[in-house]
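Computed over heavy atoms, backbone and side chain alike; hydrogens, waters and symmetry mates excluded. Source: prediction; values computed, not measured.
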Amino acid sequence: MPDPQYIMVGDGLRIATYSWGDDAAPVVVVVHGFASSTKDNWVATGWVRDLLRAGYRVIGLDQRGHGASDKPHGAGDYSIRQLAGDVESVLDTYLVDDARYVGYSLGARVGWEVVQDIPVRIPRAVLGGVPDGIPLARLDMDQVTALIEHGTPVTDPVTQNYIRLTERVTGNDLRALLAIAGGMRESHTVDPDPAHAPQQPVLFATGSLDGIIEVSRALAAVTPQGRFLEIPDRHHFNAPGSRVFRQAAIEFLGE
């Protein structure tokens, strides 16, 4: 991992960014999922290595509340619009006029916004594990709050999975991650709107064992240049490590 380079976004937060490869090479911006980081989602799984081998420059960012970026504890700091704005600010700061986008889970949901905000600058995108409904809606916030404040064990199975994911990544701040879940709900951000799908080529990819697979498949079907990849034998939390996913995405980006 290179040392993070920090940029300031509109509301004064510091976002940690990372860059690999030749400055003159075509750019891929990678955006991780909830409770993850650039290192966890893209470096440890081989994505950065393989993208570099394919001739790309890679720019990653730790989304607000994650990794080495600032981690405010207020739900009002975490709307989808703010998260999308952070990605766009990173591209502006790096003076990138043209970039391919790769996002997973929360990063894919953010990507649905980014590729439509600045379509001329994002000619092609990979959106893996696009969440259905309000992101993180399945997280039992009362149980997480009780865990933080009183150490009460979490019993909800889905929430347990998120807690395990949180504990797996060094440096995660459970209060900040709880605020992210709250911010998603307070912003009343619903499913990606099929009536306003991206117009550029998009590869949707979801694990065969992931409960949201049919929603992701449906989004691909309504996207004019959408394509769908079923990642074999993977669920939502381990799909980023799939070699099948990685190779198919890099081939798609190069078309």
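- The distance from the CG atom of Leu174 to the NZ atom of Lys71 is 12.5 Å, given to the nearest 0.5 Å.
- Ring-plane geometry between Phe34 and His66 is classed as perpendicular, the angle between the planes exceeding 60 degrees on a 0 to 90 degree scale with a lower cut at 30.
- Separation of atoms CG (Asp40) and CZ (Arg168) is listed at 4.0 Å; rounding is to 0.5 Å.
- Residues Tyr6 and Leu91 fall into different hydrophobic clusters, defined by Ile, Leu, Val, Met, Phe, Trp and Tyr side chains chained together at heavy-atom separations under 4.5 Å.
- Through side-chain heavy atoms spaced under 4.5 Å, either directly or across other Ile, Leu, Val, Met, Phe, Trp or Tyr residues, Val126 is tied to Met1, Tyr18, Trp20, Val28, Val30, Trp42, Val43, Trp47, Val48, Leu51, Leu52, Tyr56, Val58, Val102, Tyr104, Leu203, Leu229, Ile231, Phe245, Ile250, Phe252, Leu253.
- In this structure, Tyr94 and Thr17 have side chains that are in contact, with non-hydrogen atoms separated by less than 4.5 Å.
- Evaluated for a side-chain hydrogen bond (donor to acceptor under 3.5 Å, both in side chains) with Arg121, the options Asp98, Asp92, Asp97 yield exactly one hit, Asp92.
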For this session: Take Asp140 and Val158, measure what side chain to side chain contact (heavy atoms under 4.5 Å, CB included) needs, and give me the verdict at the end.
Result: CA-CA 8 Å; Asp140 189 318; Val158 173; over 6 Å; no
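- Residues Arg53 and Arg49 have side chains in contact (heavy-atom distance under 4.5 Å, counting atoms from C-beta outward).
- Between Gly67 and Ser37, the shortest heavy-atom contact is CA-CB, 4.2 Å.
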Problem set entry | Verdict with supporting geometry, Asp50 and Arg243, side chain to side chain contact (heavy atoms under 4.5 Å, CB included) | CA-CA 10 Å; Asp50 286 1; Arg243 182 178 301 173; over 6 Å; no
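- Closest approach of Ile59 and Ser19 over heavy atoms only: CG1-OG, 4.3 Å.
- Val9 and Ile118 fall within the same hydrophobic cluster, defined by Ile, Leu, Val, Met, Phe, Trp and Tyr side-chain heavy atoms under 4.5 Å apart, directly or through other members.
- Side-chain contact between Arg57 and Asp22 is absent, with no heavy atoms from C-beta onward closer than 4.5 Å.
- Looking at every heavy atom in both residues, Glu88 comes nearest to Val114 through OE2-CA, 3.9 Å.
- Here the closest heavy-atom approach between residue Arg64 and residue Ser69 is recorded as CA-CB, 4.3 Å.
- By the 4.5 Å heavy-atom criterion applied to side chains, Leu147 and Thr159 are not counted as neighbours.
- In this structure, Asn41 contributes its side chain and Gly33 its backbone to a donor-acceptor pair below 3.5 Å.
- Within a 6.0 Å radius of CD in Glu251, no more than 12 heavy atoms belonging to other residues, nucleotides or ligands are found.
- Under a 4.5 Å side-chain heavy-atom cut-off, the cluster of Ile, Leu, Val, Met, Phe, Trp and Tyr residues that includes Val244 has no other member.
- We find the CD1-CG distance between Ile163 and Leu177 to be 8.5 Å, quoted to the nearest 0.5 Å.
- Counting heavy atoms from C-beta on, the side chains of Phe237 and Asn161 come closer than 4.5 Å.
- Residues Tyr78 and Leu13 are members of one and the same hydrophobic cluster, defined by side-chain heavy-atom contacts under 4.5 angstrom among Ile, Leu, Val, Met, Phe, Trp and Tyr.
- Cluster membership check: Val130 shares its hydrophobic cluster with Phe228, using side-chain heavy-atom separations under 4.5 Å among Ile, Leu, Val, Met, Phe, Trp and Tyr.
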Exercise. Passes side chain to side chain contact (heavy atoms under 4.5 Å, CB included), Ile80 versus Met184? Steps please.
Worked result: CA-CA 7 Å; Ile80 285 287; Met184 297 293 101; 3.8 Å; yes
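- What you find for Leu127 and Ala108 is that their closest heavy atoms are CD2-O, 3.7 Å.
- Gln143 is not listed as a side-chain neighbour of Thr152, based on a closest heavy-atom distance of 4.5 Å or more.
- Atom CD1 of Ile180 is separated from atom NE2 of His73 by 10.0 Å, given to the nearest 0.5 angstrom.
- With contacts defined as side-chain heavy-atom distances shorter than 4.5 Å, the pair Asn172/Glu167 does not qualify.
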Exercise. Step by step, would you call Ser89 with Ile15 a side chain to side chain contact (heavy atoms under 4.5 Å, CB included)?
Worked result: CA-CA 10 Å; Ser89 293; Ile15 301 298; over 6 Å; no
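- A 6.0 Å sphere centred on NZ of Lys39 holds no more than 12 heavy atoms belonging to other residues, nucleotides or ligands.
- Although no hydrogens or angles enter the test, the distance criterion places no donor-acceptor pair under 3.5 Å between the side chain of Gln160 and the main chain of Pro153.
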Residues 213-224, side-chain donor-acceptor partners within the protein, below 3.5 Å, at least two apart:
| unit_1 | atom_1 | unit_2 | atom_2 | d |
| --- | --- | --- | --- | --- |
| Glu214 | OE1 | Arg217 | NE | 3.3 |
| Ser216 | OG | Thr206 | OG1 | 2.8 |
| Arg217 | NH2 | Glu230 | OE1 | 3.2 |
| Thr223 | OG1 | Leu219 | O | 2.8 |

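- To the nearest 0.5 Å, atom OG of residue Ser105 and atom CG of residue Asp210 are 8.5 Å apart.
- With contacts defined as side-chain heavy-atom distances shorter than 4.5 Å, the pair Glu113/Val110 does not qualify.
- Placement of Val29 and Ile7 within a single hydrophobic cluster is found when ILVMFWY residues are connected by side-chain heavy-atom separations under 4.5 Å, directly or transitively.
- In this structure, the separation between CG on Asp62 and CZ on Arg14 is 11.5 Å, given to the nearest 0.5 Å.
- Within the 3.5 Å criterion, the main-chain N or O of Val31 finds no donor-acceptor partner in the side chain of Gln63.
- When all heavy atoms are compared, the tightest approach of Gln200 to Ile122 is NE2-O, 2.8 Å.
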